[in-house]
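Worksheet for the structure shown next.
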Amino acid sequence: MSTTAPDSHAKNNGGKHRWGMVIDLDRCTACGACAVACAQENNAPFGSPTDSPETRVIRWMEVLRAAQDGNHNATVRMIPMPCQHCEHPPCTKVCPVYATYRNPEGLVPQIYYRCIGCRYCVNACPYTCKYFNWTEPEWPETSVRGLNPDVSIRHKGVTEKCNFCMHRLQRAKDDAAAEGRAIQDGDYRTACQQACPAKAITFGNLDDPSTQVARAAESPRTTHLLEDLGTEPKVYYLREGA
Ligand code: SF4
């Protein structure tokens, strides 16, 4: 993990959006509620014990363990890891069929019906945030009834990843339009943000300086993962104890 200056892009740009997330590692207790909420919201299959050793389990949000050595006193950090929704995403550049792209609001969606399963994007993502469906997804009978009708089921042979719960953005836009107003801070919330009991996750429009997420991104504790690669992630981490 490397440090970065507070977000220099933050500005009021006349109602446009650049969606991003701030994760406060000082608040995170590594409870895993974000990962569970994400899987439930986005119809991610549970995976099987045989999938796990082959790293074929699908986790759009994963709580990663990062150990840091220090004179026989190793420090272990837990890092919640969704897709970083990079400003310059390497995954989109290698897709031969335009099944993934950076949209005007800064999100990096995945178009499942276009995906041909070549897995170039899986290899191009330096954050290992992309997952390939090696098998047809399955759920126990009782869980099938709990699948989210707003989110597509991904079939065998396509790649998937976190999309910042984009279906919720559409709902927030529809609600705002029905009420004749612009979308406001807090209208569009991700499932992981909503589920976090420690309120470690902030999400919203990075380009509006009045939003909670833009203010959090200005913290001197701000850092990015693998910043030297020039991907410019829109997930900001706040370092512990600084
Ligand atoms: Fe693509 Fe990986 Fe960046 Fe997400 S984190 S936008 S999957 S390169």
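These numbers come from the heavy atoms of this one structure, side chains and all, not from hydrogens, waters or symmetry mates. Counting starts at 1 for both ligands and their atoms, following the listed order.
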Item checked: Residue pairs involving residues 172-181 (criterion side chain to side chain donor-acceptor pair (under 3.5 Å); sequence neighbours excluded) -> E105-K173, Q170-D174, E179-R181, R181-D187
Margin query: Using the ring centroid of each side chain, check whether Y188 and F203 are separated by less than 6.0 Å.
Written below: yes
Notebook entry, point to check: What protein N/O/S atoms lie closer than 2.8 Å to atom 4 (Fe) of ligand 1?
Noted result: C83 SG
Note to self: Grouping I, L, V, M, F, W and Y whenever their side-chain heavy atoms are under 4.5 Å apart, do Y120 and F132 come out in a common cluster?
What the structure shows: no
Margin query: Quick test of your reading of the model: are R18 and D208 salt-bridged, counting only N-O distances below 4.0 Å?
Written below: no
Item checked: Audit row: R221, E240, salt bridge (Lys or Arg N to Asp or Glu O under 4.0 Å) steps and yes/no -> CA-CA 8 Å; R221 293 193 288 131; E240 305 106 311; over 6 Å; no
Next item on the list: Would you please indicate if the ring centroids of H224 and Y237 are separated by under 6.0 Å?
Entry: no
Item checked: Nearest non-hydrogen protein atom, atom 8 (S) of ligand 1 -> P90 CD, 3.4 Å
